Amino acid sequence: MTNLPLWLIPLFPLLGTILLGTIAVVSSGSKKGAAENIVGGLAVIFPAMSFACVTVLACGMPESGIRETLCNWIDFPLLHVDIGFLFDGLSRIMLLFVTGIGTLIALYSIGYMHGDRGFARFFAYINLFLFSMIVLVLSDNLLLTFFGWEGVGLCSYLLIGFWNKDLKNCKAANKAFIVNRVGDIGFLLGMLCLLSIGGAAVLNYDIFNQFMQMILNGGHLDLVFTLLTLTGVLFFVGCTGKSAQIPLLTWLPDAMAGPTPVSALIHAATMVTSGVYLVARMGKMFCMLPEVLLLIAFVGMFTALWAAITGLFQNDIKKVLAYSTISQLGYMFMAAGVCAFDASIFHVFTHAFFKAALFLGAGAVIHSLAGEQDMRKMGGLLKKTPVTACVMIFAFFAIVGFPGFAGFWSKDLILEKLVSNGPVIAMPFALGGSVNVPVGMILYVVGLATAVITAVYMGRLIIMTFFGEYRGSKESEAHIHEAPAVMLIPMVVLTFGSIFAGYLWADMIGITFFKDSLAAALGGAEAVGESILSVHHVNPVLFAVLGTLAALLGMFIAWRVYANKKIPTPKDSGAPEGSAAAWTFVWDYIHVGFVFPVRVIAWICDVVVDKFLQAFQWTLGAIGEILGDGASTFQVRRVRLQLALSITGVALIVLVALFAEGIVGIPDFVFKLIDSVKSLLGRVI
Amino acid sequence: MDTILFNLIWVIPLVTVLACIPIPAARERLLRGIHTASATLVLGIVCYLTFRVYAIGSVSANEVAAPLLLRFFTDIPWLSMFNAHYIVGADGLNMLLLALTAFIVWAGVLVSYRIKGNQKVFFALIQILATSVYGVYMSFDLVLFFVFYEMEALCMYLMIACYGSGKRDYGGKKLTLTLAFGSSMILATLFGLYFEGGVNSWSIMELSKVTLPMEFQMWAFPLMFMGFAVSSSLFPFHFWSPDGHSAAPTAVSMLAAGVMMKMGAYGCLRVAMFLMPEAAKIWLPYVVALLIFNVVLGPFIALRHKDLKYITAYSSISHLGLIFLGLAALTPVGLRGASLQMISHGFLTGLFFATIGMIYERTHTRDITQMGGIMRKMPFLGVGFVLAGFAGLGLPGFSGFIAESTIFIGAFQQDSTLTRIVTILAILSITTTAVYILQTANRMLHGPLPQKYESLTDGCFREKLVIVVLVACLLFIGICPGWISDMLDWSIAPIFAKISAATQPVIGGIGG
């Protein structure tokens with residue numbers, strides 16, 4: 001059964017895109033739109049078939065992975081890129097949850113998007129997204145990954161601005177695309193650098209790994225170290241864009257303007273983790289660059305902490321989840337920063353389940369409240385929508401790392417790795433001497449603090465939404481209803497995932513299935529990293545206990561602070577607030593700080609350079625015109641005047657010629673005249 | 001047989017014009033039908049010939065057509081008093097440019113069905129314009145080349161001044177005079193080439209076999225390069241393009257930006273750089289310095305404009321800057337990227353100006369602040385515009401990405417700091433491109449719909465066909481560039497071989 005061709009996996013969503021796109025275009029003229037059950041069925045069946053392919057392939061995959069080259073894409077003397085696929089441990093795990101969760105969310109969307117004008121269009125985009133995401137993950141070279149990378153960015157743009165009647169949504173979409181674009185430049189420049197180090201074929205992952213191994217074994221590292229470090233930084237810039245890390249994180253909260261299933265699929269479970277995937281995929285390179293690793297770890301740390309704090313102040317249920325996504329992504333980068341790529345991918349995997357469940361739960365809440373997203377107008381929904389509440393609460397336990405749930409295994413693993421792999425750096429003092437800074441310890445303490453805050457803001461979300469009294473208007477209370485089955489089924493499946501996904505790698509009870517499955521794809525990089533970082537082993541139970549205590553502490557704080565607190569009703573109409581907590585989020589201001597110089601440069605380019613040059617050109621033209629006009633005024637129809645002018649002219653020329661040749665001397669009185677004029681002028685002045 | 005067909009490419013449009021003379025101008029339907037049929041016929045021929053050229057591949061051509069590997073080679077004595085011949089032929093690059101032209105002319109005829117004014121004359125002018133462009137891309141004799149090159153500016157003036165909009169007289173004059181200024185520089189150097197070459201021939205093949213004296217090259221190359229670059233709107237000579245494009249009717253904008261602006265870059269490559277490679281090596285670094293303005297200025301100015309055609313014109317300026325970046329890099333990858341960009345950008349701006357024209361036909365304004373929400377009224381045209389935008393900002397899958405990244409890689413290989421800095425600037429300016437394209441799409445297509453646009457209609461079949469065909473071309477080049485890069489590969493090889501073989505003599509004073 002393993003001889004299924006790999007290209008079938010991306011083919012199905014592509015077919016879905018084409019089919020649904022055609023339906024959307026054809027039915028755009030009609031009043032009713034296409035039949036929803038047909039469109040919905042098509043929209044689910046294609047990702048599901050893709051998922052089936054992945055499952056079949058995943059079961060029979062040989063240790064070294066499957067490689068397949070479809071055809072040549074670009075063949076230039078210094079750039080050789082094939083359209084080829086690589087199905088190994090890393091892409092297997094990514095594909096499993098991308099297609100699996102993609103299918104579930106497509107199913108959920110049938111219920112959520114019911115009655116929308118752009119029903120078919122929505123599913124065409126979703127299928128296009130899945131196609132791009134699959135290409136991103138499955139490709140065997142960086143350029144094809146970039147193709148998918150841009151494709152998912154495009155879909156994210158299209159889906160954030162899906163309800164394009166409201167200009168705010170479109171602005172959010174633009175922001176997402178443009179901020180991502182800044183990151184993409186990092187990716188592009190990184191590829192350029194890599195090409196100039198490694199030559200035409202280095203973009204292929206296999207050759208990339210061999211090349212890095214060669215550098216390492218040959219001891220030529222110091223020759224290319226500077227350029228390689230630059231490459232690493234540039235690629236990481238690309239990752240910060242896609243995965244919403246400092247400083248390119250402002251787009252993700254705004255991206256919540258899209259429909260909620262989109263937020264669940266793209267802005268929580270799959271697309272935003274592609275940065276982590278890329279770092280893991282290029283682990284062979286990153287593990288040789290301690291400075292870059294340190295940068296990644298610290299960026300991850302700051303992002304995790306910062307986003308968690310900001311999450312405390314949000315009132316929009318989706319924004320809380322958005323900040324929590326950013327914070328969790330920060331954890332993943334922290335892990336990648338200490339060369340624990342498998343741990344970071346494991347967190348990607350578990351996070352996909354519980355964050356998707358949380359988002360879908362939030363979507364169900366919003367759906368039942370007819371579009372209300374403000375948590376201050378919710379409350380007491382536990383009795384009205386019990387299934388949704390259970391889903392959210394289980395996912396909540398998973399995200400805070402309650403023992404036994406998925407987040408417990410993955411987050412504690414990351415925290416453990418931070419201590420065990422964390423480098424110790426000698427920091428020189430200004431006055432001489434140096435001190436050893438235990439970077440791993442710093443990362444761990446901040447990570448643990450972030451875990452506490454995570455429990456607080458997530459607890460706040462659960463309490464404000466499901467406990468207490470309903471705070472909305474009376475008439476809206478009557479309409480509250482549980483979501484339809486088509487929405488509940490995916491939520492329940494994901495809940496099971498967020499409970500049990502963690503058991504794939506439960507070190508404490510001796511299961512390392514997940515680690516082993518990734519070993520072939522990542523092992524080399526980890527080994528190199530560990531040899532550089534001087535790993536010391538620690539007792540995992542201690543970290544589990546501390547992590548659990550952090551979660552419990554956070555939940556306790558949340559319960560004490562928010563359970564009995566009187567929540568003020570919002571003054572405004574309850575529309576989702578744009579930047580309610582902008583003051584915590586200085587990054588928005590920093591971005592504005594970038595927008596302003598751009599305006600200035602544009603002004604300079606337009607007014608100073610362009611207009612100035614045009615003015616110069618006009619002046620030239622004007623001079624030409626004046627000269628022409630001046631000449632033409634003499635061309636009058638008066639014979640005598642013309643004759644007089646010509647004679648004067650001739651006489652002048654003759655005189656000048658005579659004087660110039662010295663045939664006729666200049667008479668003395670001319671000099672005298674000039675002298676007297678001079679003296680007269682002198683007296684006057 | 002193929003050679004006859006090849007020569008028919010430029011004859012058919014002229015014959016069509018002559019055939020239409022007896023038809024009264026009032027019978028517009030008939031006239032439109034004839035012109036559409038003729039454009040379609042030429043398109044068919046060109047496509048067939050392109051396939052032929054692709055199929056033949058790089059097998060060596062006959063001896064006269066060497067060193068350029070020309071197909072369909074024809075050489076007939078023409079003006080015997082100064083040895084001008086009628087020499088036409090095509091290699092892969094020419095053939096692809098011809099195909100581009102055929103597509104754009106075909107699309108231009110289709111979008112001009114509702115042009116106001118005397119349609120008989122308008123379509124006749126389009127066909128003459130087409131003839132001149134085909135001629136430029138076919139001829140390998142400098143006199144013939146120049147005749148065709150001059151014809152186009154004249155047609156352009158008439159069409160802009162008579163059928164344009166806005167400041168059409170001003171725009172038309174500015175365009176024509178600036179182009180004439182460029183042509184005068186070219187003409188001067190053409191005579192120089194003839195007399196300095198010493199082979200009594202205007203043929204590019206003959207002239208390429210001799211090495212021109214260095215003193216001549218040193219002044220002739222910049223003059224000729226700049227003369228061609230005027231029509232490709234290289235930095236100090238780009239003013240004509242925004243004014244000219246905005247005043248021109250849709251079809252003329254498409255032809256001017258899509259095809260005619262490539263003629264300059266093509267001339268730089270085929271005539272200036274190919275015949276004077278020694279001077280090219282010395283002078284091109286200075287061109288790179290000028291490009292900073294092209295690649296940086298273009299996007300930023302586009303950011304400030306509100307008129308759709310101005311925005312597109314400035315974006316063209318930045319994209320054409322990339323072509324010159326590829327040329328000036330003087331690496332095989334760079335040259336290939338530049339020629340790929342010529343073709344890709346042709347389709348791209350063609351699509352851009354076509355959709356803008358269609359939208360303008362309905363809204364009667366090109367000011368994006370006046371529009372809004374028209375995506376709901378014209379989804380098809382809106383999607384066409386957005387696709388053009390995405391192709392323009394270099395999204396993978398569209399041709400722009402392949403062409404641009406090839407140029408970047410090619411330019412980055414050049415071992416000069418200046419070129420690398422300009423390359424990095426160009427890559428950074430991609431972000432600015434994204435900003436102005438998305439901002440424009442937002443303001444124009446989304447948000448609330450003004451009352452006056454309630455009755456707008458989406459594109460008709462003819463317009464949809466144009467959009468679909470152009471988008472298909474963009475996607476085709478983007479997804480399977482191998483097909484085209486194969487053809488460019490062996491076409492560029494002789495040019496690059498000649499340039500790399502040129503040894504750089506030591507000259508005091510300039511460059512070095």
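This one's a predicted model, so the numbers in the text were calculated from it and none came from an experiment. Protein chains get the first letters and strands the later ones, always in sequence-line order, with residue 1 at the start of each.
Side-chain N or O atoms of Trp73(A) include none that pairs as donor or acceptor with a backbone N or O of Cys480(B) at under 3.5 Å. Judged by distance alone, the side chain of Asn174(A) and the main-chain N or O of Leu438(B) form a donor-acceptor pair under 3.5 Å.
Each of Trp483(B), Tyr170(B), Phe293(B) has some count of heavy-atom pairs under 4.5 Å with chain A, and the biggest count is that of Tyr170(B). Contact count versus chain A (heavy atoms, under 4.5 Å) is highest, among Pro481(B), Ala302(B), Gly482(B), Pro299(B), for Pro481(B). Chain B forms the most heavy-atom pairs under 4.5 Å with one residue out of Ile604(A), Ile185(A), Leu195(A), Val182(A), and that residue is Ile185(A). The candidate from Leu154(A), Asp166(A), Leu188(A) with the greatest count of non-hydrogen atom pairs under 4.5 Å with chain B is Leu154(A). For the set Leu177(B), Asp458(B), Val296(B), Ile430(B), the entry with the most heavy-atom pairs within less than 4.5 Å of chain A is Ile430(B).
Within residues 374-383 of chain B, the residues having any heavy atom less than 4.5 Å from a heavy atom of chain A are, in residue-number order, Met375(B), Arg376(B), Pro379(B), Phe380(B). For residues 420-427 of chain B, a heavy-atom distance under 4.5 Å to chain A picks out Ile424(B), Ile427(B), given by residue number.
Heavy atoms of Lys464(B) lying under 4.5 Å from chain A are absent altogether. For Phe146(A), the parts sitting under 4.5 Å from any heavy atom of chain B are the backbone and the side chain alike. Contact annotation for Trp603(A): both backbone and side-chain heavy atoms come within less than 4.5 Å of a heavy atom of chain B. With a threshold of 4.5 angstrom between heavy atoms, Asn72(A) does not approach chain B through any atom at all. In this structure, no portion of Ile492(B) lies under 4.5 Å from any heavy atom of chain A. For chain B, the nearby parts of Val598(A) are the backbone and the side chain; heavy atoms of each come within less than 4.5 Å. Only the side chain of Val333(B) has a heavy atom closer than 4.5 Å to any heavy atom of chain A. Only the side chain of Leu143(A) comes within contact range of chain B, with heavy atoms under 4.5 Å apart. When heavy atoms are compared at a cutoff of 4.5 Å, Leu428(B) approaches chain A by way of both its backbone and its side chain.
Atoms CD and NZ, on Gln439(B) and Lys171(A) in that order, are 9.5 Å from each other to the nearest 0.5 Å. Put simply, CZ on Phe390(B) and CD on Glu150(A) are 10.0 Å apart, with the number rounded to the nearest 0.5 Å. How far CZ of Phe300(B) is from CD1 of Ile601(A): 4.5 Å, rounded to the nearest 0.5 Å. Remark: Arg181(A) CZ to Thr433(B) OG1 distance equals 8.0 Å, nearest 0.5 Å.
Summarising the geometry of Thr431(B) relative to Ile178(A), their closest heavy-atom pair is CG2-O, 4.2 Å, with the distance given to 0.1 Å. Nearest heavy atoms, Ala602(A) versus Arg304(B): O-CD, 3.2 Å. The two atoms that bring Ile301(B) and Cys605(A) nearest to each other are CD1-O, 3.7 Å, heavy atoms only.
When side chains are defined from C-beta on, Phe177(A) counts as touching Leu393(B), because their heavy atoms get closer than 4.5 Å.
Annotation: Phe239(B) is not in aromatic contact with Phe616(A) [ring centroid separation under 6.0 Å not met].
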Self-check item: Arg599(A) vs Leu303(B), side chain to side chain contact (heavy atoms under 4.5 Å, CB included): CA-CA, chis, key distance, verdict
Solution: CA-CA 8 Å; Arg599(A) 292 238 169 91; Leu303(B) 213 54; over 6 Å; no

